[in-house]
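In each ligand, atom 1 is the first atom listed, and ligand 1 is the first ligand listed. Just the heavy atoms: all of them, side chains too, but no hydrogens, waters or symmetry mates, feed the values below.
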Amino acid sequence: MGKLAGKVALVTGSGRGIGRSTALKLASEGAAIVVNDMDEGPAAAVIDEIKSGGGKAVACVGNVAAADFGDRMVKTALETFKGVDVIVCNAGYTLDTVVQKMSDADFQTMLDVHVVAPFRLLRAASEPIRLLAKKEAAEGREIFRKVVLISSVSGTRGNPGQINYSSAKAAVTGMTRTMAKEWGRYKVNVNCVAFGYINTRLSQAFDAGDDVSIAVEGRKVAAGIPKAIADAAKSMIPVGRAGTPDEAADSIYLFCCPESNYVSGQVLEVTGGS
Ligand SMILES: NC(=O)c1ccc[n+]([C@@H]2O[C@H](COP(=O)([O-])OP(=O)(O)OC[C@H]3O[C@@H](n4cnc5c(N)ncnc54)[C@H](O)[C@@H]3O)[C@@H](O)[C@H]2O)c1
């Protein structure tokens, strides 16, 4: 029996990278997974992978920034698996430029994806969680639920060229601490992982001339880090390399397992020691 047997986990942006590894890790510990991604193909591939390993998974495809997304994700979990036990708000990307070139629209988009979307998802989950917690309390049972919000050292420490993303990721730490205080009464642990350099599509090193852009609803968005900057960043990491998506997922898992039931309102920087 896995540590999350019988639990239902909602993981946004779980078609690739850290979210994918998190979905697979939680599934390997027995959780049924609601897989979200704005790209249908990667979401379907993760679901196949979970099912072929004997797990349970269902898709809720779409952009987390859509106004109805939170309600759809929670409804999918309740209708398919009859529960909401773990929520990992991971979906996101970057729209970098320096302050003088940053448009209102690109600033707002990062707030919408990284702050408003998790807010709406948690708001959508609040009533089902309240009712479940009330029922469990009446039965004399103490069942812990888990929320893990994903931030970045760009949010906790700042990063040039990311006024939109770093502001949004900083807001996530405030959301974490507030929700830990609001939801303690429902036995929900709310924590945050702020990553340093994790090797994913978002942070891939590229040579001059390479096109590593990603598509976001038809818009071409720059991704990756120029190789010289990536190498310099990696050389500053005490453990000597960037993290893997699986290592990132393991740190998220620490906040999802029963051993962390008395840990809430924390922001954990996962940086390889820097
Ligand atoms: N990779 C890093 O070094 C790093 C560092 C700090 C924080 N993060 C954060 O980790 C999270 C995951 O990033 P990653 O590195 O795994 O990136 P990734 O691009 O490898 O994977 C992200 C996945 O989320 C999906 N996604 C992105 N925006 C979405 C949206 N609006 N709606 C639905 N799906 C969406 C993408 O399609 C993709 O499949 C992000 O919140 C990112 O800001 C990453």
Side-chain angles (χ1 to χ4, degrees), residues 10-25 34-47 59-70 72-73 88-96 108-118 120-121 148-159 162 164-173 175 192-205 212-219 221-225 229-230 233-234 237 241-249 251-252 267-272 274:
L10 291 62
V11 186
T12 68
S14 46
R16 297 185 187 83
I18 297 166
R20 172 182 172 275
S21 288
T22 301
L24 295 174
K25 173 74 183 174
V34 183
V35 172
N36 155 261
D37 207 279
M38 60 185 174
D39 296 330
E40 199 171 348
V46 170
I47 287 171
C60 181
V61 173
N63 190 334
V64 295
D68 66 344
F69 172 75
R72 277 207 302 121
M73 188 80 170
V88 182
C89 297
N90 163 79
Y93 59 98
T94 49
L95 287 173
D96 296 353
Q108 188 61 51
T109 297
M110 286 295 94
L111 296 184
D112 289 345
V113 169
H114 294 280
V115 188
V116 180
R120 288 197 185 120
L121 179 51
V148 185
L149 299 169
I150 303 304
S151 185
S152 162
V153 291
S154 179
T156 55
R157 305 181 192 182
N159 198 27
Q162 295 195 317
N164 52 357
Y165 178 78
S166 67
S167 299
K169 288 301 200 189
V172 165
T173 66
M175 188 182 298
C192 173
V193 182
F195 290 113
Y197 195 156
I198 307 297
N199 266 326
T200 66
R201 180 184 70 151
L202 195 64
S203 61
Q204 64 192 285
V212 292
S213 59
I214 62 174
V216 177
E217 295 189 330
R219 177 181 174 187
V221 168
I225 303 173
I229 296 176
K234 284 177 194 168
I237 298 171
R241 61 170 176 79
T244 67
D246 285 354
E247 287 169 328
S251 68
I252 293 170
V267 177
L268 177 69
E269 288 191 331
V270 172
T271 60
S274 59

field: Test item, Ala242 contacting ligand 1 (heavy atom, 4.0 angstrom)
entry: no

Heavy atom of Phe69, distance to ligand 1 below 4.0 Å: no

query: For Ile18, is at least one N or O under 3.5 Å away from an N or O on ligand 1?
result: yes

- request: Report yes or no: does Ala223 have a heavy atom closer than 4.0 Å to ligand 1?
  value: no

- request: Give the residue, atom name and distance (to 0.1 Å) of the protein heavy atom nearest atom 37 (O) of ligand 1.
  value: Asp37 OD1, 2.6 Å

- request: Determine, considering heavy atoms only, which of Asp112, Ile198, Ile225 sits nearest to atom 2 (C) of ligand 1.
  value: Ile198

field: Identity of the nearest option to atom 27 (C) of ligand 1, non-hydrogen atoms only, from Ala43, Gly92, Pro245, Cys60
entry: Gly92

query: Can you find a heavy atom in the side chain of Ile252 that is under 4.5 Å from one in the side chain of Phe195?
result: yes

statement: The option among Thr12, Asn90, Val46 carrying the non-hydrogen atom nearest to atom 40 (C) of ligand 1 is Asn90

- prompt: More than 12 foreign heavy atoms under 6.0 Å from CD of Glu40: is that the case here?
  reply: no

query: If you measure from atom 9 (C) of ligand 1 to every heavy atom of Val221, Ile150, Asn199, which option wins on shortest distance?
result: Ile150

- prompt: Is it true that His114 lies under 4.0 Å from ligand 1, counting heavy atoms only?
  reply: yes

query: Just going by heavy-atom distances, which of Gly62, Ala117, Ala194, Ser21 is nearest to atom 33 (C) of ligand 1?
result: Gly62

Heavy-atom gap Ser151 to ligand 1 smaller than 4.0 Å: yes

